[in-house]
Amino acid sequence: MMKLYATLLLFIITVTPCFAQQPDTVFLKGLLQSHPELFSGILNHPTQNEVQILYTQIDRDKNNVPHFKSYSYHLNAQHYFYPASTVKLPTAIFSLEKLHELHIKGLTRESVMITDSAFAKQTRVKTYTSSANGLPSIENYIKKILLVSDNDAFNRLYEFVGREEINRKLKKYQLYHTRIVGRLAVGDAGETTRHTNPITFYNGNKVVYLKKALYDSLNYPMHLDNMIMGKAYLDSSDRLVNKPFNLSEKNVYSIADQQQVLKRLLFPQSFPVNQRYNLTPADYAFIYHYMSTFPTENIKPTYTRPAYFPAYCKFLYYGGDSTATIEPNIRIFNKVGDSYGYDIDNAYIVDFKNKVEFLLTAVVQSNEDGVYNDNKYEYATVCLPFLKNLGRVIYQYELKRPKKHRPNLTQFKFNYLPVK
């Protein structure tokens, strides 16, 4: 009997920590079911609109150190969804890391960045009207990514870091369900994805760094469910092709990996030193500021109504609603994605007045006709309302959730221009 007890005790000691790291899979299901007026359409849909959710509570100790507990719904790294613009955040982070790792005196995120071309379909960039000086830079590209999810800005950073280095960094940070293998919104496919442009950096008229054209010979195979989807698609000439849409060569970025990238960015001290990004305090503050800035608060790049509005790219909580009233105490540090019927948001939501903070990452898809690349998706009627309601329901839960220690959130508070 004693031997059996000892064996059982050893099993509990060795296995329990492993289970403790897994997200709770019950809570979120019950929360959704408790609001049928908001979520019954999703819950009753045959595919549940491919919803995946990861919600992480944050509890601070007396020293303001964060401790995390996660809850998931239909989380499945083997079920593919198109990550769209969410891949821009790790690429932006890696671009800042690369600036430091090159160890070149005078090379900064403000250095003028002139992109040339050396392979088919590559684009030259010599001027940038949205920047204060009319010239492109790493800093301006990152601002545009974080403020309005600009595709061209991502493509320039993809070319600077290089495909091989991006994917090497993903593995370094244990993001094993992610690959970034192509530019966005330019039909990048096949051999062109492997080639990245030559780029010259200047301070004034002085060349401080020349990044040569690169070629990535490596492959990053992933075999996931749902990479071939639907019944038809429109090709690049807008012709209907009556075959399923094949995304097996596209970018991959799982929900769990997305939240891990965000958590490591926001709470670096919660990770071992060798698992922290190679960023300076100024880098962190720069990213935090522009992640949480509403587009109409910013000048250079400047974004105005009606094309842009405060809640633009704020899906969780606001649903990307152009008429939404912005709540002054709430800030959302996030990165969204929106393509092929998928809406994704990876967010850290903060209420400075009520001392609320939580991480929430979710994807939802709607394409009722099964045709892809036709821009006929139910974003406005299904996806965005779902994300808005999800964010607000969890926020209301967090308002009531007891906390032993109220968080000190001053590191995430910035001076913003008035919302226009």
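If you read the sequence from its start, that first residue is 1, and numbering goes on from there.
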| request: Give a yes or no on whether the ring-centroid distance for F358 and Y397 is below 6.0 angstrom. | output: no
| request: Please test Y73 against T25 for side chain to side chain contact (heavy atoms under 4.5 Å, CB included), starting from the C-alpha separation and ending with a verdict. | output: CA-CA 6 Å; Y73 179 79; T25 60; over 6 Å; no
| said: Testing the 3.5 Å rule here: is there a donor-acceptor pair between the side chains of Q258 and T86? | reply: yes
| message | Side chains of N140 and S130: any donor to acceptor distance under 3.5 Å? | response | yes
| request: Please answer whether the main-chain N or O of E368 pairs with a side-chain N or O of E378 as donor and acceptor at a distance below 3.5 Å. | output: yes
| Lys/Arg-Asp/Glu bridge criterion (N-O < 4.0 Å) met for K144, D152 | no
| task | Indicate the atoms forming the closest heavy-atom contact of Y379 with D343, along with that distance. | result | CD2-OD2, 3.2 Å
| remark: Looking only at heavy atoms, the pair that brings P83 and I344 closest together is O-CD1, 3.6 Å
| query | Is there a donor-acceptor contact under 3.5 Å linking the side chains of H35 and N389? | reply | no
| message | Are F267 and Y348, when compared by the centres of their aromatic rings, separated by less than 6.0 Å? | response | yes
| task | State, to 0.1 Å, how close H177 and M222 come at their nearest heavy-atom pair, and which atoms those are. | result | C-CE, 3.9 Å
| said: Among R406, K355, R401, which residue satisfies the salt bridge (Lys or Arg N to Asp or Glu O under 4.0 Å) criterion with D59? | reply: R401
| Should the ring pair Y158 and F154 be called parallel, tilted or perpendicular, given that the plane angle runs from 0 to 90° and is split at 30 and 60? | tilted
| task | Take the angle between the ring planes of F81 and Y342 and call it parallel below 30°, perpendicular above 60°, tilted in between. | result | tilted
| task | Ignoring hydrogens and angles, state whether a donor on the side chain of K69 or T56 is under 3.5 Å from an acceptor on the partner side chain. | result | no
| E297 bridged to R331 by N-O distance under 4.0 Å | yes
| Parallel, tilted or perpendicular: which describes the rings of F333 and F412, with under 30° parallel and over 60° perpendicular? | perpendicular
| task | Report yes or no: does S237 contribute a side-chain atom to a donor-acceptor pair with the main-chain N or O of D235 at less than 3.5 Å? | result | no
| query | Side chains of E191 and Y215: donor-acceptor distance under 3.5 Å anywhere? | reply | yes
| task | Would you name the heavy atoms of L265 and I93 that are closest together and state the gap between them? | result | CD1-CD1, 4.1 Å
| request: Please work out whether the ring planes of F414 and H289 are parallel, tilted or perpendicular, with thresholds of 30° and 60°. | output: parallel
| Side chains of Y80 and E50: do they bring a donor and an acceptor to under 3.5 Å? | no
| field | Side-chain donor-acceptor contact under 3.5 Å, Q259 with T361 | value | yes
| Side chains of K413 and T410: is there a donor and an acceptor less than 3.5 Å apart? | no
| field | Enclosure of K376 NZ (heavy-atom neighbours >12, cutoff 6.0 Å) | value | no
| message | To the nearest 0.5 Å, what is the distance between CD1 on I199 and CD1 on I114? | response | 10.5 Å
| said: Checking the side chain of S72 only, and the main-chain atoms of L75 only, is there a donor and an acceptor separated by less than 3.5 Å? | reply: no
| For Y318, is the NZ or CZ atom of K388 found under 6.0 angstrom from the centre of its six-membered ring and inside 45 degrees of the ring axis? | no
| message | For the backbone of G190 and the side chain of T193, can you confirm whether one donor and one acceptor N or O come within less than 3.5 Å of each other? | response | yes
| query | Hey, what do you get for OG1 (T293) to CG (L146), rounding to the nearest 0.5 Å? | reply | 9.0 Å
| request: Would you confirm whether D24, through its side chain, and Y71, through its main-chain N or O, come within 3.5 Å as a donor-acceptor pair? | output: no
| query | Under a 4.5 Å cut-off applied to non-hydrogen side-chain atoms, are Q22 and S70 in contact? | reply | no
| query | Between Y233 and F245, how do the two ring planes meet: parallel, tilted or perpendicular, split at 30° and 60°? | reply | tilted
| task | Taking all non-hydrogen atoms of both residues into account, name the closest pair between L360 and L316 and its distance. | result | O-CD1, 3.4 Å
| said: Under a 3.5 Å cutoff, is there a donor and acceptor pairing between the side chains of Y416 and S292? | reply: yes
| Within 45° of the axis and under 6.0 Å from the centre of the six-membered ring of Y220, does NZ or CZ of R179 qualify? | no
| task | Run the salt-bridge test on K211 and E159 with the 4.0 Å N-O cut-off and return the result as yes or no. | result | no
| message | If you count heavy atoms of other groups shown closer than 6.0 angstrom to NZ of K126, is the number above 12? | response | no
| request: Go through the steps to decide whether Y277 and Y173 satisfy the test ring pair (Phe, Tyr, Trp, His ring centres under 6.0 Å), and finish with yes or no. | output: CA-CA 9 Å; Y277 300 129; Y173 292 119; 5.0 Å; yes
| field | Member of Y141, F201, F94 meeting the ring-ring contact (aromatic ring centres under 6.0 Å, His included) criterion with F160 | value | F201
| said: I want to know whether Y340 and Y377 have ring centres closer than 6.0 Å. | reply: no
| No-hydrogen, no-angle side-chain donor-acceptor test under 3.5 Å, Y317 and E327 | yes
| request: Verify side chain to side chain contact (heavy atoms under 4.5 Å, CB included) between V252 and T178, making sure each step is shown before the conclusion. | output: CA-CA 5 Å; V252 178; T178 301; 5.8 Å; no
| From D374 atom CG to L240 atom CG, the distance as rounded to the nearest 0.5 Å | 8.5 Å
| request: Keeping the roles fixed (side chain from K335, backbone from D345), state whether a donor-acceptor pair exists under 3.5 Å. | output: no
| request: Could you tell me whether the side chains of K98 and N278 share a donor-acceptor contact shorter than 3.5 Å? | output: no
| Under 3.5 Å, is there a donor-acceptor pair between the N334 and N346 side chains? | no
| In terms of side-chain heavy atoms, does E139 have a donor or acceptor partner in S137 at a distance below 3.5 Å? | no
| note | Tightest non-hydrogen contact, residues L157 and S95, listed as CD1-OG, 4.0 Å
| request: Considering only NZ, NE, NH1 and NH2 on the basic side and carboxylate oxygens on the acidic side, decide whether E101 and K169 come within less than 4.0 Å. | output: yes
| Looking only at side chains, do R194 and N219 share a donor and an acceptor under 3.5 Å apart? | yes
| task | Quick one: sort the Y308 and Y312 rings into parallel, tilted or perpendicular, breaks at 30° and 60°. | result | perpendicular
| message | With a 3.5 Å distance limit and no angle check, can you tell me whether R239 reaches the backbone of L234 through a side-chain donor-acceptor pair? | response | no
| query | Does the pair E398/K403 count as a salt bridge with the N-to-O cut at 4.0 Å? | reply | yes
| task | Apply side chain to side chain contact (heavy atoms under 4.5 Å, CB included) to Q411 and Y284, showing your working. | result | CA-CA 10 Å; Q411 75 173 113; Y284 281 112; over 6 Å; no
| request: Begin with the C-alpha distance, continue with both residues' side-chain angles, and end with the deciding distance and a verdict on side chain to side chain contact (heavy atoms under 4.5 Å, CB included) for L96 and R109. | output: CA-CA 7 Å; L96 292 175; R109 66 174 187 255; 4.1 Å; yes
| request: Might you confirm whether atom NZ of K172 has over 12 heavy atoms from other residues, nucleotides or ligands at distances under 6.0 Å? | output: yes
| note | The residue among H195, R163, E165 that forms side-chain contact (heavy atoms from CB on, under 4.5 Å) with D216 is R163
| said: Between D188 and T192, is there a side-chain donor-acceptor contact under 3.5 Å, judged purely by atom types and distance? | reply: yes
| Would you say the side-chain atoms of N354 pair up with the backbone N or O of V356, donor to acceptor, closer than 3.5 Å? | no
